[in-house]
Amino acid sequence: MSLLAELRWRGMLADVSAGTEEHLTQCRTGYIGFDPTAASLHVGNLVQIMMLVHFQRAGHRPIALIGGATALIGDPSGKSEERPLLDRQAVIDNQQAIAAQLARFLDFSSGRDGALLLNNHDWLSSVRLLDFLRDIGKHVSINYMMAKDAVRNRLEAGLSFTEFSYQLLQAYDFHYLSEHYQCTVQMGGADQWGNITAGIELARRLSGRQLFALTSPLLIRSDGKKFGKSEEGNIWLDRRLTSPYRFYQFWINLSDEEAQKCLRTFTLLSQAEVEALEQQHRQRPEQRILQQVLARDLTTRVHSADDASRAARTAALLFGNGTGEDLLQLDEADFDMIRDTLPHGSINRSSLENGLDIIRLVTEETGFLPSRSEARRLLQSQGLSLNKKPVAEGQIVRAEHLLHNRYLLLQRGKKNYFLVIAD
RNA sequence: GGGGAGAUACCAAAGUGGCCAACUGGGCCUGACUGUAAAUCAGGUGGCAUACGCCUUCGUAGGUUCGAAUCCUGCUCUCCCCA
């Protein structure tokens, strides 16, 4: 199956520049840029990573470009207002972390289609201002740059020259890669279309070379909100920022519609396999097969098979049994596993001997909830449970509440668990 | 350089001397219903306090007043128009 056909059935194709289909009938080189604006990539970036993966599987050579230089400038695309500049050292730290993450997903072996990892800081940092203005700037009109959506949308709110110039840097990258790496295709999210076509235009004027573009639709949730953000913010690929368990739960909690889309976008399952799973799901929706497969597959690829099994077993223990009685069936080994996957806090056993008010337990003693008011509100709305039983205001927690003489299982609402370990 | 408008809680946006911890919408949290789904409905959403209530918050620093998000002054920042 051709790359475009593959991306098309997966719903990963938004815009394609003229002639791309024909161009891709031969082995080509293509790139996607990742600006190191944070210490980790997140699930939103995973779409672009998968584009590169498909590109490589179709026999082409992918370049993952770290935007070490462009991150210092700031991309105005999709931003409603000017961003503060990132600290130089932060960008350096970020790019190392992100390079390591990217390396997990592509095959960097030396063959003809072996992936490359480059950093635009390597060439942009040494470009001299006057040279840039004379050699590059002269080929691009302000009128052209102003017409880009990313710029137009910002004319009211304000846009610094720095961010305005971003598209020129990205355009230069594309041109540079075409000169030095025979890179003829740039991919990215739909919001990058303006920046990408700027590169096509620049290369055409500078070298007469024809370059190509394809973009993926921006993933949005069924309610129209940005995908990959949950209550706590971004879902990161770094386990220190988003634990494997929470990462797993993120996928489990997707709606049916989202899960269908994500299965196509984020896994490498074939069309036949995806459709078979959807068929199964329709027969037994309560088993949440799509979500299970998705969570297992992604947690395995982003973290490890071991992390995925752990998360799955923990979830099965917590969500499988409804009542507090069942909880008593869990043995110590179960808890030993759970304590590594769930957020947890510890408490001094002696403070339980005398009895501890539930509010104190969940706030200052363990840090599960941020304030006493919050705790009180939850108690009043029946939203806080201890060992899977709702607790009321004024509840005193004692040593006999400890499971296996060691653990307390706290819950905010249905899905947010917190384990207290008594030492 | 000159003139005008503005800065309110996570976001948007009311409020123009006491009834304002601050209308409303979105978001978020919790509950009901369910399949750890969607849709829907209900409640909540600065901190401390069981509670009466107390404390901090309307760009920032002062001032007027019994009393200010609301009036005055300085400062910072943003947008618009003219040069």
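Scope of the values below: all heavy atoms of this structure, side chains included, with no hydrogens, waters or symmetry mates. Chain naming here is simple, since letters A, B, ... match the order of the sequence lines and numbering starts at 1 in each.
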According to a strict under-4.0 Å criterion, is A/Asn253 in side-chain N/O contact with OP1 or OP2 of B/rG35?
no
Kindly say if A/Ser381 contacts the phosphate of B/rG31, meaning a side-chain N or O under 4.0 Å from OP1 or OP2.
no
Side-chain atoms of A/Pro285 come closest, of B/rU45, B/rG35, B/rA37, to B/rG35
Dot-bracket notation for RNA chain B, counting Watson-Crick and G-U pairs under 3.5 Å, with | for partners on another strand
((((((((.[[[..)..(.....]]]((((((.......))))))(((....)))...[[[[[..)....]]]]]))))))).
So which one's nearest nucleotide on RNA chain B is more toward 5', A/Lys414 or A/Leu378?
A/Leu378
Taking the inter-plane angle between the rings of A/Tyr172 and A/Tyr176 on a 0 to 90° scale, is it parallel (under 30°), tilted (30 to 60°) or perpendicular (over 60°)?
tilted
Take the angle between the ring planes of A/Trp236 and A/His42 and call it parallel below 30°, perpendicular above 60°, tilted in between.
perpendicular
Of B/rU36, B/rC48, B/rA38, the nucleotide closest to the side chain of A/Ser255 is B/rA38
Out of B/rC33, B/rC29, B/rU36, which nucleotide sits closest to the side chain of A/Glu374?
B/rC29
Under-4.0 Å side-chain N/O to phosphate OP1/OP2 contact, A/Arg372 with B/rG46
no
Which of the following nucleotides, B/rA37, B/rG47, B/rU36, is nearest to the side chain of A/Asp256?
B/rA37
Let me confirm one number: the CD1-CD distance from A/Ile63 to A/Gln186, rounded to the nearest 0.5 Å.
10.5 Å
Which nucleotide, B/rU50, B/rA37, B/rG47, lies nearest any side-chain atom of A/Ser373?
B/rG47
Starting at CZ of A/Phe319 and ending at P of B/rU34, how long is that distance when rounded to a whole Å?
18 Å
